[in-house]
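Both ligands and their constituent atoms are indexed starting at 1 by order of listing. Residues: numbered from 1 along the sequence shown. Quantities reported herein were computed from a predicted structural model and do not represent experimental measurements.
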Amino acid sequence: MATDVKGIAASDGYGIAPAYLLVDPDLSYDKKTVDDPAAEYARVEKAFADSTAELTKIKENAKGRLGDEELEVFDAHIAILSDPEMMGQIKSDIEDNHTGAEEAVDKVMTNFADMLAAMVDNKYMQERAADVKDVKKRALAHLLGKQLPNIAGIDKPVVIIAREITPSDTSQMDAKFVKGIVTDLGGRTSHAAIMSRTLRIPAVVGSETITSEAKNGQMVVVDGLNGDVIVDADDATVKEYEAKAAAFEKERAEWAKLVDAPSVSKDGKEFEIAANIGTPDDVADAVKQGADGVGLFRSEFLYMGSDHMPTEEEQFAAYKQAVVGMKGKPVVVRTLDIGGDKPLDYLPLPEEMNPFLGYRAIRICLKRPDIFKPQLRALIRASEFGPLGIMFPMIGTLAELRAAKKVYNECLEELQADHPGIGKNVKLGMMIEVPLAAINADKMAEEVDFFSIGTNDLIQYNFAADRGNDTVSYLYQPLNPAFLGLLKHVIDAAHRHNTKAAMCGEMAGDKYALPLLMGMGLDEYSMSATSILRTRSTMKDLDTNACAKLVEEALDKCATDEEVKQLVEDRLGL
Ligand code: PEP
Ligand code: MG
């Protein structure tokens, strides 16, 4: 019997494939006394052999996607499965006490893990305790006939079902096999949603119940355009959605014709539509999608994908790769925006009650020049290879902006001592994502070359609504007239001071927002690469004078976001 589940549409397209639950199975077991210890130990041997085979296969599949160090973890796990001392103890327990295989494995491996964890003077051995526990879970799952989830090991088409997806989960996903993602938690601007758009995987987030509705292997349809999910879909439904997917692909093919076209309105006004990227490897897709530049390179993904603080040289190589890859089109790199929902294993941060309001982004960088300076130096050096912009995230006050610029200027002077003129073409900008910075936009605009409005955070902070919390996701209201008024103030302030106004939050790719933003004269729209051609296609049918009138009407007459949406629909037939 098919079940319909509603969530938040997070990434365009349709995904149809069997469910793959990213949820740990129940590994509890009944204790028993066995009559045939030899047969019972044979079960252990088989479970260990199956675990070894499984790990070997996962490792093979992950080659090329994971680094050497991550791959070595699989070898460590395989080694644990053949540890003679551990095997000996499990065997004795079963033979001497007639213990069941599950209990013997659980007991002996837990003891091993505890013993390792107790080696307080040996950090390496302590860390192996977690490996033993992981392997124990895998062995128990085999004994109980259950499947442990493993993203890197997926080698056939699936729709991933999870409570939530972390950025590190998405980094292991192979879009060839992952046809869709559905989660219980998360909003449209959660980083998991953003990553699924980058990977072009249709996604619905914040469904609240999907992990309890779907079972492994059931056919699932994901409608990432409307936020609908159908679990245990019958053949007729699958056929219906296959037809919709084909029609969507056709529409995509139409948009694809605009790949080399300029981003212009119907009345010939030129804009820029740029791509948001997470790593230099995303540049290829941005170029393929006809991006006029990179409007946001989220540099923290470089840090999150590394097991150590990336060195100046490593960063320089990455930024240079992005700049060179864009072949003369501008690249804007945002300096490290860590904290909030983006942790770094090797940079322990204090536990906080409200991490989104806490020690994050520029606040960390200003306290840690040892982290900030190598990044700025790497960026300045990369600017020798093509047009580059650097922007600071989470600036709230002028003092913060000036402090960030001071560190930047120190780096510039240091580098210029040996390389006169280096960095002279760098454009400096700031994100507008803290309400105070938006209010103070006139003062801020005097001190930067460009603004990039981060609506994901700007909305979160203006509406006081956690962007990852689906219970309050109704407060994600980019079209709220009061918020539109604030945006207009920021864009007008930028233009009063000859400062470029860009936007890199998800609102920049929102089809209802587009005419309003064009009406306000926003210069650059930076979005997931997958949305660029659709936006260029809509843009060419919009007249900026009509858009400006629409803004006036929305601000004058509308009281709610729903009314604005209705107005846009009525006036433009969107
Ligand atoms: C934003 O806040 O709108 C933004 C673009 O930055 P991020 O989504 O990475 O916080
Ligand atoms: Mg932000």
Side-chain angles (χ1 to χ4, degrees), residues 8 10-11 165-167 170-171 186-198 205 273-279 282 286 293-305 331-344 354-365 389-396 400 404 429-438 450-469 473 475-478 483 486-487 490-491 501-510 513 517 522 524-529 531:
I8 300 162
S11 175
I165 300 263
T166 64
T170 39
S171 69
R188 200 182 143 73
T189 56
S190 58
H191 285 97
I194 293 168
M195 288 296 281
S196 58
R197 285 193 281 283
T198 304
V205 299
I273 306 181
N276 291 349
I277 65 169
T279 74
D282 297 338
V294 167
L296 168 64
F297 179 162
R298 287 185 165 93
S299 68
E300 57 277 8
F301 284 98
L302 215 67
Y303 291 70
M304 289 159 74
V331 174
V332 173
V333 181
R334 170 174 74 189
T335 60
L336 183 61
D337 185 10
I338 215 70
D341 64 343
K342 290 176 286 195
L344 275 187
N354 293 301
F356 274 111
L357 297 179
Y359 186 49
R360 57 171 293 204
I362 199 72
R363 302 169 184 181
I364 298 178
C365 286
I390 301 175
M391 65 177 170
F392 306 118
M394 288 292 296
I395 296 283
E400 281 174 328
M430 61 175 278
M431 303 261 313
I432 299 278
E433 45 189 354
V434 175
L436 190 72
F450 66 94
F451 282 161
S452 189
I453 308 173
T455 48
N456 306 338
D457 278 318
L458 191 59
I459 292 174
Q460 147 165 281
Y461 295 128
N462 268 288
F463 290 76
D466 182 343
R467 61 195 266 186
N469 180 343
S473 64
L475 287 168
Y476 177 71
Q477 296 180 8
F483 184 69
L486 183 65
L487 291 181
V490 172
I491 296 167
M503 179 179 284
C504 61
E506 292 305 304
M507 183 180 182
D510 180 319
L517 297 171
L522 183 76
E524 179 188 292
Y525 305 71
S526 193
M527 59 194 69
S528 305
S531 304

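- Between the Asp510 side chain and the Ala513 main chain, a donor and an acceptor come within less than 3.5 Å of each other.
- Compare Ile453, Asn456, Ile459 by their heavy atoms: the one nearest to atom 3 (O) of ligand 1 is in Asn456.
- Side chain of Ser452 to main chain of Met431: no donor-acceptor pair is present (N/O by atom type, distance under 3.5 Å, no hydrogens or angles).
- The minimum heavy-atom distance between Leu458 and Ala438, with the atom names listed, is CD1-CB, 4.3 Å.
- Interface of Arg467 with ligand 1, defined as ligand atoms under 4.0 Å from a residue heavy atom, comprises 2 (O), 7 (P), 8 (O), 10 (O).
- For the pair Asp337 and Arg298, the salt-bridge criterion is not met [side-chain N within less than 4.0 Å of a carboxylate O].
- Checked by distance only, ligand 1 and Asp457 come closer than 3.5 Å through their nitrogen or oxygen atoms.
- Rounding to the nearest 10°, we obtain 90° for the angle at the Mg ion (ligand 2) between Asp457 OD2 and Glu433 OE1.
- Proximity to Lys342 (heavy-atom distance under 4.0 Å) selects the following atoms of ligand 1: 9 (O).
- Listed by number with element, the atoms of ligand 1 under 4.0 angstrom from any heavy atom of Arg298 are 4 (C), 5 (C), 6 (O), 7 (P), 8 (O), 9 (O).
- Residue contact check: Met431 has heavy atoms under 4.0 Å from atoms 4 (C), 5 (C), 6 (O) of ligand 1.
- Asn462 places no side-chain N or O within donor-acceptor distance of the main-chain N or O of Pro435, the cut-off being under 3.5 Å.
- Judged by distance alone, with hydrogens and angles left aside, the side-chain atoms of Ser526 form no donor-acceptor pair with the main-chain N or O of Met503 at under 3.5 Å.
- Residue contacts with ligand 1 include Arg334, since one or more of its heavy atoms lies under 4.0 Å from the ligand.
- Considering backbone and side-chain atoms alike, Arg360 places every N or O at 3.5 Å or more from each N or O of ligand 1.
- Each of the atoms 5 (C) of ligand 1 lies under 4.0 Å from some heavy atom of Cys504.
- At a heavy-atom cutoff of 4.0 Å, ligand 1 is contacted by the side chain of Leu296 but not by its backbone.
- Within the 3.5 Å criterion, the main-chain N or O of Gly468 finds a donor-acceptor partner in the side chain of Asp466.
- Ile432 contributes atom CD1, which lies 4.0 Å from atom CZ of Phe451 (distance to the nearest 0.5 angstrom).
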